[in-house]
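Computed over heavy atoms, backbone and side chain alike; hydrogens, waters and symmetry mates excluded. Numbers for residues simply follow the sequence, beginning at 1.
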Amino acid sequence: MNSAKCRKLGALWAIGQGVLTALVPELSVMLFKRMIGKNFENAADLEAKPAYLRQLRALGIGFAAAGIANLFMDRAASDAED
């Protein structure tokens, strides 16, 4: 596999996941409740506090920023090689 192509796909995935988490953190909460619901009782009764939702949004923004930075750094490195 081409490592440059994999890095680009990974960066695009990080951007998409970060934007999704930043805009709709409730999806991450729902997924987490579904995952722990397999092993614990009353997991569906858990409610995310507003502070946790803010933290998820911040994490999503950081994840998207890391993906964008990776794309720009790869482009700068390829331009320097040419």
Side-chain angles (χ1 to χ4, degrees):
M1 277 185 103
N2 185 356
S3 64
K5 186 176 182 180
C6 288
R7 280 194 308 270
K8 185 176 182 180
L9 276 170
L12 292 173
W13 178 81
I15 293 168
Q17 182 66 37
V19 168
L20 186 66
T21 302
L23 294 177
V24 192
E26 293 84 9
L27 286 176
S28 294
V29 171
M30 185 174 60
L31 176 66
F32 185 70
K33 284 174 29 174
R34 190 172 291 172
M35 286 184 339
I36 66 169
K38 302 289 181 185
N39 298 314
F40 294 96
E41 294 177 3
N42 301 328
D45 296 338
L46 295 173
E47 290 188 31
K49 293 182 179 181
Y52 181 69
L53 295 176
R54 283 193 306 272
Q55 291 169 356
L56 277 177
R57 282 191 176 102
L59 185 67
I61 291 168
F63 211 50
I68 292 169
N70 187 21
L71 285 178
F72 281 122
M73 289 189 303
D74 281 348
R75 179 172 286 174
S78 69
D79 288 346
E81 288 176 0
D82 293 340

Can L46 be reached from F32 by stepping across I, L, V, M, F, W or Y side chains whose heavy atoms are under 4.5 Å apart? yes
Please confirm whether the backbone N or O of G18 pairs with a side-chain atom of T21, one donor and one acceptor, at under 3.5 Å? no
Do you know which two heavy atoms are closest between A14 and G67, and how far apart they sit? CB-CA, 4.2 Å
So, taking the atom named CZ in R7 and the one named CG in N70, what distance separates them when rounded to the nearest 0.5 Å? 7.5 Å
Do L31 and L53 belong together in a cluster built from hydrophobic side chains that touch within less than 4.5 Å? no
Please round to the nearest 0.5 Å and tell me the distance separating atom OH of Y52 and atom CG of L59. 8.5 Å
Counting only heavy atoms not in K33 (residues, nucleotides, ligands), do more than 12 fall under 6.0 Å from its NZ? yes
Members other than L27 in its cluster, when Ile, Leu, Val, Met, Phe, Trp, Tyr link by side-chain heavy atoms under 4.5 Å? L12, I15, V19, L20, L23, V24, M30, I68, L71, F72
How long is the span from the CD atom in Q55 to the NZ atom in K49, to the nearest 0.5 Å? 10.5 Å
